[in-house]
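These numbers were taken from a predicted model, which means no experiment stands behind them.
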Amino acid sequence: MRLLSVFEAAARHCSLSLAARTLNVTQPAISKSLRDLEQWVGAGLFDRNRRPLVLTESGELLLAAPREGLGLIATALEDIARIKAARDGSLRLSCSIGFATYWLMHRLARFSANWPEIAVSVMTTPHDAAPDAPHADVLFRYGHGRWHDGTVIHMFQERIEPVVSPEFFASHCIGRDSLDALPLIHVEVDAASWRSWPGYCQTTDVTRGSGNDLRFNNYVQATQAALSGQGVMLGWRSIASDLAAEGRLVSAGLPTIVPEDGAYYVVVPPRSIGNPAVIRFIAWLREECQVFA
């Protein structure tokens, strides 16, 4: 490769002295390198009887290789620079459907207003416990926070509280320790978890008799059912808090659960460290979480 680079410089300048100046070496060093290359190739590469230097037929054939190789390298460097520029100006987020719909999306409008040059894409998963979206720059996760696949940043503590629409609250009698005869809105999760109605009732000693319940497979559908007055939903802080602040949902007056080992975090994978878009987003997110707290 060193001999080929010397050869390419000499052929490009048609001069040993100019090639030496370009490569910051002496002219005798250039001459020796060319002789070594000719010996290795087994053919003369320059007609040394002519000035400026002229390539022989063998030289013309050989010159195509380093020039094509250098061209490919230059193209590759341009592609790398273009990809880096695109990555620095884009942001890929991974989170659950419910978190994206009710916590993240309207806040992203403020982020985009501050940094309109950053293109944001949101990749959602059905539940918080579902696998992260591949190739995401920032991962929103609910859980214990003891992960080792990136930098883990605490956002806020989760809590759960039964919520209803104002209309439902006004038209139903909800006791402090009983859900009997009330329609409950279920999201299909582990029945033993505090995130489910059986788990909630077991944790809080709230009794439950009969009732015409509704069941959904994600929190967006369940929340819409609660908003339309169809029943009582277990409201996550991440999903129901903003709706409660807007008066669209209200507390049912039942006990609140604050899990000891359950909070929202963001995880920044090693591949995203140093990405300017990620750095700006994390700084903005810290401010948003301070306001949310």
Side-chain angles (χ1 to χ4, degrees), residues 73-160 189 195 218-220 223 236-243 245-246 258-293:
I73 292 172
T75 300
L77 291 173
E78 290 175 0
D79 290 342
I80 290 171
R82 185 163 50 252
I83 291 171
K84 183 178 184 301
R87 291 284 289 109
D88 290 351
S90 66
L91 188 64
R92 295 169 296 184
L93 310 177
S94 171
C95 61
S96 70
I97 295 174
F99 184 85
T101 302
Y102 295 111
W103 195 92
L104 182 61
M105 295 309 295
H106 70 277
R107 288 177 170 83
L108 278 181
R110 293 196 286 270
F111 177 79
S112 296
N114 290 329
W115 290 282
E117 70 278 7
I118 298 178
V120 180
S121 59
V122 179
M123 299 171 283
T124 59
T125 56
H127 298 295
D128 295 85
D132 300 313
H135 312 302
D137 301 306
V138 175
L139 316 171
F140 288 90
R141 289 181 186 167
Y142 170 79
H144 49 66
R146 297 184 294 274
W147 303 293
H148 304 286
D149 57 342
T151 301
V152 180
I153 303 169
H154 180 269
M155 289 177 58
F156 56 83
Q157 183 69 35
E158 188 56 273
R159 66 170 182 259
I160 187 169
V189 295
R195 295 180 290 174
N218 67 67
Y219 282 96
V220 173
T223 303
W236 289 49
R237 180 187 184 197
S238 55
I239 293 176
S241 287
D242 289 342
L243 295 172
E246 296 168 3
V258 179
E260 294 180 0
D261 202 15
Y264 261 96
Y265 299 85
V266 286
V267 179
V268 181
R271 64 177 176 272
S272 300
I273 299 297
N275 183 328
V278 173
I279 293 172
R280 292 190 182 104
F281 182 76
I282 294 300
W284 168 83
L285 189 63
R286 290 182 189 276
E287 295 179 0
E288 286 291 323
C289 288
Q290 286 179 358
V291 173
F292 185 67

Quiz item: In this structure, which one of I282, L93, V278 forms a side-chain contact (heavy atoms from CB on, under 4.5 Å) with V266?
Solution: I282

Self-check item: Qualifying residue for side-chain contact (heavy atoms from CB on, under 4.5 Å) with Y264, from W236, F292, W103
Solution: W236

Taking atom [atom1] of [X] and atom [atom2] of [Y], what is their separation to the nearest 0.5 Å?
| X | Y | atom1 | atom2 | answer |
| --- | --- | --- | --- | --- |
| T101 | I239 | OG1 | CD1 | 8.5 Å |
| S90 | E117 | OG | CD | 12.0 Å |
| S241 | E246 | OG | CD | 11.0 Å |

Check: [X] side chain, [Y] main-chain N or O, donor-acceptor pair, under 3.5 Å:
| X | Y | value |
| --- | --- | --- |
| R107 | E288 | no |
| T223 | Y219 | yes |
| D137 | S272 | no |
| R271 | A136 | yes |
| T124 | I97 | no |

Closest heavy-atom pair and its distance - [X], [Y]:
| X | Y | value |
| --- | --- | --- |
| C95 | F140 | CB-CB, 3.7 Å |
| N275 | A277 | OD1-N, 2.9 Å |
| W115 | R280 | NE1-CD, 3.1 Å |

Pairs under 3.5 angstrom only: tabulate donor-acceptor contacts from the side chains of residues 149-157 to other protein residues two or more places apart or in another chain.
unit_1 : atom_1 : unit_2 : atom_2 : d
D149   : OD1    : R141   : NH1    : 3.3
D149   : OD2    : R141   : NH2    : 2.6
Q157   : NE2    : P259   : O      : 2.6
Q157   : NE2    : G262   : O      : 2.6

Under a 4.5 Å cut-off applied to non-hydrogen side-chain atoms, are [X] and [Y] in contact?
| X | Y | answer |
| --- | --- | --- |
| Q290 | L285 | no |
| V220 | Y102 | yes |
| L91 | F111 | yes |
| W147 | Y265 | yes |

Exercise. Given salt bridge (charged side-chain N to carboxylate O under 4.0 Å, His left out), test R237 with E158 step by step and report yes or no.
Key: CA-CA 6 Å; R237 180 187 184 197; E158 188 56 273; 6.0 Å; no

Practice problem: Please report the C-alpha distance between V122 and L108 in whole Å, then the side-chain angles of each, then the deciding distance to 0.1 Å, and finally whether the side-chain contact (heavy atoms from CB on, under 4.5 Å) criterion is met. | Solution: CA-CA 10 Å; V122 179; L108 278 181; 3.7 Å; yes

Quiz item: Within a reach of under 6.0 Å around CZ of R286, are more than 12 heavy atoms found that belong to other residues, nucleotides or ligands?
Solution: no

